[in-house]
Amino acid sequence: MKKIFIADIKNYENQEITLQAWLYNKRSSGKLHFLQLRDGTGEIQAVVFKGNVSEDVFALADKITQESSVEVTGTVKKTDRAKIGFEIDATDVKLICGSEDYPITPKEHGPHFLMEHRHLWLRSLKQKAILRVRHRIIKSIRDFFDNHGFTLVDAPIFTPNACEGSTTLFETDYFDQKAYLSQSGQLYMEAACAAVGKAYCFGPTFRAEKSKTRRHLTEFWMVEPEVAFMDIFEDMDLAEEFVEYIVQQVVEHCRPELETLERDISKLENIKRPFPRISYDEAIEILHKKGNDTPNGEDFGGDEETLISEEFDKPVMIHHYPMSVKAFYFKQAENGKAACVDMIAPEGYGEIIGGGQREEDIDKLMAKIKEQNLNPETFDWYLDLRKYGSVPHAGFGLGIERTVAWLCGLSHVRETIPFPRLMDRLKP
RNA sequence: UCCUCGAUAGCUCAAUGGCAGAGCAUUCGGCUGUUAACCGAAGGGUUGUAGGUUCGAGACCCACUCGAGGAGCCA
């Protein structure tokens, strides 16, 4: 018997085929059993009619439980009643492995219960759709950089010190010294871009901060391009083209998944260049006009980001923040502000990109390191980059999970990564 | 770390300080077209932990544990 995947079912109309799948739900009606099957490539219903199968097979179809793995043989029939357009008229059902008391029933569950069963929750249709969108986002990122002459340069996970000096890092024993889990590959990409011109790294990132919000994980994935001979404005051009590409690739390739997630796709179709660009000072004006009294000179929190993003239906790039609220490595622009940019996603999804132009002058960089009470010795190799043919360069970091949350329309990043690591969750 | 709310059946939730309940899941029975199928029946409880108030506490008070949402910090 021909063994096929559900995704290919349309090629086998009126032919007898065999499917290997899991039973995600079942309904019965006397002499009929409706088996809801999924095999990872799709979902389809198999109809087991008492008159078409042996007594044993009909009894098995009656007893079979949720999430059992099965092998179903039958004829592919076209029907308008099914979403996929076909169903299986079963002639044989074999049990591969049963399933006793599957915990996730076809009913509502709370987030804690679902997170405790994350390894099983992934099987549900919505979670599978999220995994697929995440996959497409990551593929689009790699394709984009590959198509734009970038070289993937992997940054280390073990680092000897904090990259930016401010955030709390995970400390671990490294033989007879301490090592820290990377919070950013950026400094290494600054070294890499002097070798390959356009570099990017893509890997996990760790923050030990006790953040407990819908936008934070302790382990998350970040992609960080860094380009030699690039200024802040070219950096914004790159970020804009990059995000447009990712969003449109997802719209093009993940329509069924977005529909499963009940995402308003028209809002994503609208994400086309140019994106609005406003300065920090203009952002402050918008806030004041809307009754938020954040003083000029202070950084924005989640509330401020949301207020600003409400003014636009595309991601908004806020550039040239005050130097005092940004890390030591940012270049000071002619207007005295930091040559930096944050991209805020629409619909309240918050900051997805942070980046900017780096200080290439060794004296100015050294002054900033001392000003922020950082130890110059730990940055000796980083300062070397400014000693030997230093050039203007810029880059940014994009958080994968926040991007997945935005494109999938999720209220919390914990669903955007297969096995999330949160302040209070290390399992499963 | 701080603020707010919460913890009752496997799950989601009810229960004026006065008999511990429902839906789903499970088991059994019924139904030839179900779409979170439906109909009937059954089993299922140390009400998060430890104190206290009260004739009487799931409910009120105190502490702790765990969870949810938010703040700060950030992506």
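The model shown is predicted, which means the values in this text are computed figures rather than measured ones. So that the names make sense, note that chain A is the first sequence line, chain B the second, and so on, each numbered from 1.
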Checklist entry - Which pairs with one or both residues in residues 65-74 of chain A pass salt bridge (charged side-chain N to carboxylate O under 4.0 Å, His left out), sequence neighbours excluded? => result A:R38-A:E67, A:E67-A:R123

Checklist outcome for this item: In whole angstroms, the gap separating P of B:C38 from NE2 of A:H33 amounts to 17 Å

Checklist entry - Pairs in or reaching into residues 68-113 of chain A: which pass ring-ring contact (aromatic ring centres under 6.0 Å, His included), with residues at least two apart or in two chains? => result A:H109-A:F113, A:F113-A:H117

Validation: residues 232-239 of chain A side-chain donor-acceptor distances under 3.5 Å, sequence neighbours left out:
{"from": "A:E234", "atom 1": "OE1", "to": "A:D231", "atom 2": "N", "distance (Å)": "2.9"}
{"from": "A:D235", "atom 1": "OD2", "to": "A:G356", "atom 2": "N", "distance (Å)": "3.3"}
{"from": "A:D237", "atom 1": "OD1", "to": "A:R277", "atom 2": "NH1", "distance (Å)": "3.4"}
{"from": "A:D237", "atom 1": "OD1", "to": "A:R277", "atom 2": "NH2", "distance (Å)": "2.7"}

Checklist entry - Does any pair with a residue in residues 288-315 of chain A pass ring-ring contact (aromatic ring centres under 6.0 Å, His included), and if so which ones, sequence neighbours excluded? => result A:Y280-A:F300, A:F300-A:Y321

Item to check | Inter-nucleotide P distance (B:A20, B:C28), Å rounded | outcome: 31 Å

Checklist entry - Going by the side-chain hydrogen bond (donor to acceptor under 3.5 Å, both in side chains) test, which pairs reach into residues 407-421 of chain A, not counting sequence neighbours? => result A:Q127-A:E415

Atom pairs under 3.5 Å, N or O on each side, protein against nucleotides 1-5 of chain B: can you list them with distances?
{"from": "B:U1", "atom 1": "OP1", "to": "A:K210", "atom 2": "NZ", "distance (Å)": "2.9"}
{"from": "B:U1", "atom 1": "O4", "to": "A:K210", "atom 2": "O", "distance (Å)": "2.8"}

Item to check | Sugar-phosphate or base contact per nucleotide [nucleotides 22-31 of chain B; S, B, -; heavy atom under 4.0 Å] | outcome: --SS--S--B

Checklist outcome for this item: The correct set of residues in residues 337-344 of chain A placing a heavy atom under 4.0 Å from RNA chain B is none

Next on the checklist: Using the salt bridge (Lys or Arg N to Asp or Glu O under 4.0 Å) criterion, which residues pair with A:E347? Sequence neighbours excluded.
Outcome noted: A:R263

Checklist entry - Going by number, which of residues 109-118 of chain A have a non-hydrogen atom under 4.0 Å from RNA chain B? => result A:H109, A:G110, A:H112, A:F113

Checklist outcome for this item: Every stem of 3 or more Watson-Crick or G-U pairs under 3.5 Å that RNA chain B joins, in order of first number, is B:1-7 with B:65-71, B:10-13 with B:21-24, B:26-30 with B:38-42

Item to check | Residue pairs, two or more places apart or on separate chains, that pass salt bridge (charged side-chain N to carboxylate O under 4.0 Å, His left out) and touch residues 307-323 of chain A | outcome: A:K290-A:E310, A:K290-A:E311

